[in-house]
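Structure first, commentary second.
Just so it is clear, the structure is predicted and the values come from calculations on it, not from any experiment. Count residues from 1 along the sequence.
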Amino acid sequence: MNNFLFVAAENDAIPDCKAGGMGDVVRDVPREIAKRGDKVHVVVPSYSRIHRNGAFRTNLNFRLRGTDYSAELYSVPPKKDVENIIHYAIHHPEITEGGIAHIYHDDPTEPFFNDFIKFIIFNTAVAEAVKMGAFGDLDIVHMHDWHSSAMLFLKTYHPEYHVLKKMRYVYSIHNLAIQGIRPFYDNYASVHNWYPEIELDHNALKDPRYQDCINLMAVGIRLADSVHTVSKAYKEDVLLPSARPEFVGGESLEGDLRNAENEGRLYGILNASNYSNVRQAEKGLLYRNTVKALFRWLQDESKKYKADFLAHTGEKIMEFVTNRPKFIMSSVARLTEQKFYFLMRSPESLERILDRLKEVDGIFMLLGTGDPDYEQLFRDMSYKHKNFIFTNGQSEDLIDSMYLETDLYFMPSLFEPCGISQMLAMRNGNPCLVHHTGGLKDTVEHMKTGFAFDGKTFNAKLEDMVNKFDEALHVWEHDKDTWKKIKANAKKMRFTWEKSLDEYYSKLYLL
């Protein structure tokens, strides 16, 4: 039996610990590993809340900033018990929750300030737990995004953690654009402040653009035994330099990624979806679940400033309960540049889509929270357009209903390392309209399993987005047989973890 440790910021196997697709991966991959008879320990920060339902395991004592620190390791109950998997949370008062999904901070004046602090404490506590043998004798440590890459820094440079050199380290890139960049010196959230005893190897740690800063995403790429992008097409994208907004590639780390590729350490393996024992949504509850979510949010103190908008949305929805639209396009996503830059840059393109939907008595339903500027854009659009329904929150029941009951799933990502939403929509026989980028290239085929737009310039992409939407709607209106075939093809597609894990074992884990 091999013994794995997963280190991550998110884990959707436990309640209230997910902001995006990383949480799904950290939930699902250990389950597939456990099926194969191996053991997995999954550890995340507590964010001052997750440990409360857990069982205390041990104190973790270590030094940071020349000061004694003590954190606590808890085992925490999962949503579903799976043999050979144990879930943990690490609690320390400075590992606090942020405003993004109650996990991440958004620091507009000093990016990564708060998150750098909490993830440095978290990683050092994890290293101490490994040193103490809290997870047994480990074979593989699998880290996810910059939040966990300080494990490699500690393994390589910290005199207290030479024991970490015994394991193999795998590093998964879920979002290369978010890199964890902080100064080397002269800042509370600087490496030297937290590890004054370590002589910093600037060349091995520095950001390619900001020479006086560490780049923790780069640290993961440079120091891991295997580096993994979450789709094959995204791997090819990130080996090339970015030329925003037309193309988002290596985001200044393409040189490091090419080095990893030349050294035989870089692999592109597609994320997957579940096709058995999935949470079943009941048909016919789309509007009821929307209203339920709206009433719940109206009672939430944090939503008070949005009360007028929530009531406005509820009024729209009640009309559709009796006068049902004939066609529904939907999107579920974090409201960020990655997901909706096309619509932020060109609201008129969204308005052209809404006008076209109006011709067929159709609506566009969008659910999500995120960047305040994007939230404001979509609230303004909702006030302006009767057939645009923006539910500014998160609701698992409503999300399931949207995947199941809408006609076309819209995913206009500026870039997409893999994407899980398109897989979930397709699993329900819901064709997708996507930007032909990253993992969306690997999962959606135009006019076969869905619809895809592209273009050589940004304006060409915008125009093609509107045109491909019109093409999809034209098929739905005038070619029912083709529409049914595309729906059936989408539903037949299988992106399984079993297949992906075969590649994990043969390429990443090398067991």
Parallel, tilted or perpendicular, judged at 30° and 60°: which one describes the rings of F119 and F122?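 Taking F122 first and then F119, their aromatic rings stand perpendicular (interplane angle over 60°).
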Does the plane of the ring in F4 sit parallel, tilted or perpendicular to the ring in Y509? Use 30° and 60° as the thresholds.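 Geometry flag for Y509 against F4: perpendicular rings.
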Crowded around [X] [atom1]? As in, over 12 foreign heavy atoms under 6.0 Å?
X    : atom1 : value
H102 : NE2   : no
E83  : CD    : no
F56  : CZ    : yes
E498 : CD    : no
E282 : CD    : no
K39  : NZ    : no
D137 : CG    : no
K491 : NZ    : no

Salt bridge K487-D407, side-chain N to carboxylate O under 4.0 Å: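 Not counted as a salt bridge, because no side-chain N and carboxylate O are separated by less than 4.0 Å.
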Is K232 paired with E503 through a side-chain N to carboxylate O contact shorter than 4.0 Å?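 K232 and E503: salt-bridged.
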Could you tell me the separation between the [atom1] atom of [X] and the [atom2] atom of [Y], rounded to the nearest 0.5 Å?
X    : Y    : atom1 : atom2 : value
H147 : I120 : NE2   : CD1   : 12.0 Å
L73  : L60  : CG    : CG    : 5.5 Å
K166 : K155 : NZ    : NZ    : 13.5 Å
I121 : I95  : CD1   : CD1   : 5.5 Å

Could you tell me if the ring centre of F116 sits under 6.0 Å from that of W194?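 No, they do not, as the ring centres are separated by 6.0 Å or more.
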Give a yes or no on whether the ring-centroid distance for H142 and F6 is below 6.0 angstrom.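 Yes; F6 has its ring centre under 6.0 Å from that of H142.
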Any side-chain donor-acceptor pair under 3.5 Å between H41 and Y88?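 Yes, side-chain donor-acceptor contact under 3.5 Å.
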Heavy-atom side-chain proximity of [X] to [Y] below 4.5 angstrom:
X    : Y    : result
Y47  : D16  : no
K339 : Y374 : no
F309 : F378 : no
L501 : V29  : yes
K79  : I14  : no
M423 : T443 : yes
V191 : F153 : yes
M22  : S172 : no

Does the [X] side chain pair with the main chain of [Y], one donor and one acceptor, at a distance under 3.5 Å?
X    : Y    : value
S273 : F495 : no
N3   : F135 : yes
Q338 : E416 : no

So among H87, R27, H144, which one has a side-chain hydrogen bond (donor to acceptor under 3.5 Å, both in side chains) with N11?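 Going through the options one by one, the only one that passes is H87.
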Over-ring placement of R36 relative to Y505, 6.0 Å and 45° cut-offs: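 Relative to the ring axis of Y505, which defines the angle, R36 lies inside both limits.
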